[in-house]
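Since the structure is predicted, the reported quantities are computational estimates derived from the model, not experimental observations.
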Amino acid sequence: MDLVLNSADYYFFTPYVYSASWSEDNAFRQLISLFIITNLGALVIYFVFGGLSYYFVFDHSLMKHPQFLENQVQREIKFSVKSMPWISVPTVALFFAEVRGYSRLYDDIYSSPYGWFGVIFSMFSFLFFTDMCIYWIHRFLHHKLFYKRFHKPHHLWKVTTPFASHAFHPVDGFMQSLPYHIYPFLFPLHKLTYLGLYIFVNIWTVSIHDGDYRVPKFLEHSINGSAHHTDHHLFFDYNYGQYFTLWDKIGGSYKNPSSFEGNGPHALCKKLEEENQKPPKSLSTGKKMM
């Protein structure tokens with residue numbers, strides 16, 4: 001995050017916002033700047049990628065599903081926008097620790113003992129580490145002691161749109177993002193790689209709520225895509241994973257998506273549409289000819 005902060009300081013904050021007497025290294029200034037950057041960045045990612053997915057990927061016929069709520073899209077957006085500033089407060093604290101040099105993030109690939117192999121390996125280890133952590137955090141949030149207070153608001157949306165991707169209670173949203181922030185404090189990670197992965201996981205979160213269930217056939221039972229996550233919203237106790245189905249299979253919570261079996265939300269919408277198009281049956285008088 002220091003790369004983003006330095007760029008923001010150079011092009012915007014130092015020449016246009018802060019007085020010259022306020023050093024760029026001042027901790028309070030850095031906290032304010034990180035809060036602004038984090039919230040603006042979250043809004044840009046949410047509306048740009050959520051909007052593109054909603055207009056070009058999301059199947060709008062799903063809005064006819066019986067469990068699609070009235071004014072749901074507006075409610076998803078409103079809930080997300082209200083939650084983001086609260087989620088960003090502890091997130092900024094972790095970004096601040098990164099900027100202050102407490103993480104294991106590094107700049108120069110060639111001065112690292114791990115080289116390019118370390119960069120490539122860290123991409124995969126980041127995904128597997130965060131997938132494992134999010135699986136157990138997600139299951140934890142489904143416990144009866146925490147579900148109603150923190151996680152139930154996200155399950156209000158049974159048939160989701162891309163705009164439901166960030167519609168979390170602030171505690172829920174931060175807890176499920178925590179593994180992304182913990183990783184660079186535990187393992188070496190290149191700064192640009194981290195920034196790219198951080199953007200990727202937000203886009204992925206949009207994609208698993210977009211109602212597009214298409215996955216290459218050979219990956220259907222390995223990748224936790226939109227079909228798997230839709231069944232999580234519909235049936236509650238299955239498919240807690242983020243990217244992969246591995247931990248659901250280990251934890252006994254894997255469910256083959258109903259859409260892969262031909263009885264998912266699209267199938268129900270199609271069935272209801274066909275029933276509505278059927279002509280009404282003609283009434284028989286039942287009278288006998290005299």
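- In this structure, the side chain of S88 does not engage the main chain of F35 through any donor-acceptor pair within 3.5 Å.
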Between D248 and S253, does a side-chain hydrogen bond (donor to acceptor under 3.5 Å, both in side chains) hold up when you go through it step by step? CA-CA 5 Å; D248 278 299; S253 54; 2.6 Å; yes
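- Judged by distance alone, the side chains of S122 and Y114 never bring a donor and an acceptor atom under 3.5 Å apart.
- Using bins of under 30°, 30° to 60° and over 60° for the plane-to-plane angle, the ring pair W22/F28 lands in the tilted bin.
- For S165 (side chain) and P162 (main-chain N/O), a donor-acceptor pair under 3.5 Å exists by modelled atom type.
- Between F260 and H228, the ring-plane angle classifies as perpendicular under the 30° and 60° cut-offs.
- Put simply, the side chain of S259 does not reach to within 4.5 Å of the side chain of T230, judged on heavy atoms.
- Ring to ring, H138 and H142 are close: their centroids are under 6.0 angstrom apart.
- Taking the side chain as every heavy atom from C-beta outward, Y180 and L94 never approach each other to under 4.5 Å.
- Looking only at atom types and distance, the side chain of T161 has no donor-acceptor partner in the side chain of Q72 under 3.5 Å away.
- Under a 3.5 Å cut-off, the side chain of R75 and the backbone N or O of L69 do not form any donor-acceptor pair.
- Annotation: the span from H266 atom NE2 to D59 atom CG amounts to 3.5 Å, rounded to 0.5 Å.
- Once rounded to the nearest 0.5 Å, the distance linking CG of L34 with CG of L31 reads 6.5 Å.
- You'll find the ring centres of F244 and Y135 outside the 6.0 Å limit.
- Here the closest non-hydrogen pair linking H155 and H232 is NE2-NE2, 3.1 Å.
- A single hydrophobic cluster is not seen to contain both F121 and F126; linkage of ILVMFWY side chains at heavy-atom distances under 4.5 Å, directly or through other members, places them apart.
- Nearest heavy atoms, M123 versus L197: CA-CD1, 4.3 Å.
- Under the side-chain contact (heavy atoms from CB on, under 4.5 Å) rule, Q242 has a single partner from T130, I137, T205, N224, which is T205.
- For the residue pair E98 and P184, the shortest heavy atom distance occurs at OE2-CG, 4.2 Å.
- Hydrophobic cluster membership differs between L141 and W157, with clusters built from Ile, Leu, Val, Met, Phe, Trp and Tyr side chains linked at under 4.5 angstrom.
- Closest non-hydrogen pair, I37 versus A8, comes out as CD1-CB, 3.7 Å.
- When the shell of 6.0 Å around OH of Y102 is examined, it contains 12 or fewer heavy atoms from other residues, nucleotides or ligands.
- Taking the six-membered ring for Trp, F236 and Y147 have ring centres closer than 6.0 Å.
- In this structure, G241 and D131 approach most closely via the heavy-atom pair C-OD1, 4.1 Å.
- Within the 4.5 Å cutoff, side-chain heavy atoms of Y254 are placed close to those of H221.
- Expressed to the nearest 0.5 Å, how far NE2 of H60 lies from OH of Y55 amounts to 7.0 Å.
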Step-by-step side chain to side chain contact (heavy atoms under 4.5 Å, CB included) determination, Y183 to C133: CA-CA 10 Å; Y183 183 94; C133 293; over 6 Å; no
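- Cluster membership check: V206 does not share its hydrophobic cluster with L195, using side-chain heavy-atom separations under 4.5 Å among Ile, Leu, Val, Met, Phe, Trp and Tyr.
- Counting only distance, with no hydrogens or angles, the side chain of S33 and the backbone of Q30 share no donor-acceptor pair below 3.5 Å.
- Ring orientation note: the planes of H154 and H209 are nearly perpendicular, at an angle over 60° on the 30°/60° scale.
- The neighbour count for F235 CZ, taken as heavy atoms of other residues, nucleotides or ligands under 6.0 Å away, is above 12.
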Could you walk me through whether Y194 and S103 pass the side-chain hydrogen bond (donor to acceptor under 3.5 Å, both in side chains) check? CA-CA 12 Å; Y194 180 45; S103 73; over 6 Å; no
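- Within a 6.0 Å radius of NZ in K249, other residues, nucleotides and ligands contribute more than 12 heavy atoms.
- Within 6.0 Å of atom CZ in R214, 12 or fewer heavy atoms from other residues, nucleotides or ligands are found, so the atom counts as exposed in its surroundings.
- Closest heavy-atom contact between P153 and K148: CD-O, 4.3 Å.
- In summary, the aromatic rings of F163 and Y46 are positioned with their centroids under 6.0 Å apart.
- Counting heavy atoms from C-beta on, the side chains of Y106 and K191 never come closer than 4.5 Å.
- Hydrophobic clustering (ILVMFWY, side-chain heavy atoms < 4.5 Å, transitive): I32 and Y11 are in distinct clusters.
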Before you tell me yes or no, could you show the steps for Y110 and W116 under side chain to side chain contact (heavy atoms under 4.5 Å, CB included), namely the whole-Å CA-CA distance, both residues' side-chain angles and the distance that decides it to 0.1 Å? CA-CA 8 Å; Y110 297 103; W116 280 103; 3.4 Å; yes
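- To the nearest 0.5 Å, the span separating CZ on F168 from CZ on F150 amounts to 14.5 Å.
- Atom CH2 of W86 sits in a sparse spot, with 12 or fewer heavy atoms from other residues, nucleotides or ligands closer than 6.0 Å.
- Taken to the nearest 0.5 Å, the OG1 atom of T38 stands 5.0 Å off from the CZ atom of F95.
- At a threshold of 4.5 Å between side-chain heavy atoms, the hydrophobic network of Ile, Leu, Val, Met, Phe, Trp and Tyr places L268 and L62 in two separate groups.
- For F140 and H151, the ring centers are positioned 6.0 Å apart or more.
- In this structure the side chain of L186 reaches within 4.5 angstrom of the side chain of F129, judged on heavy atoms.
- Looking only at side-chain heavy atoms (C-beta outward), D210 and S207 come within less than 4.5 Å of each other.
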Could you give me the CA-CA distance, side-chain angles and deciding distance for Y238 and D231, then say whether side chain to side chain contact (heavy atoms under 4.5 Å, CB included) is met? CA-CA 7 Å; Y238 306 97; D231 273 15; 5.8 Å; no
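- The aromatic ring centroids of F79 and H166 lie 6.0 Å or more from each other.
- Ring-plane geometry between Y16 and F12 is classed as tilted, the angle between the planes lying from 30 to 60 degrees on a 0 to 90 degree scale.
- When atom types are taken as modelled, the side chain of N26 and the backbone of R29 share a donor-acceptor pair closer than 3.5 angstrom.
- Side chains of P265 and F68 form no contact here, defined as non-hydrogen atoms less than 4.5 Å apart.
- With rounding to the nearest 0.5 Å, the separation of CH2 in W247 from CE in M132 is 6.0 Å.
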Going through the distances and angles, do D107 and L3 end up as a side chain to side chain contact (heavy atoms under 4.5 Å, CB included)? CA-CA 9 Å; D107 291 289; L3 298 177; 4.0 Å; yes
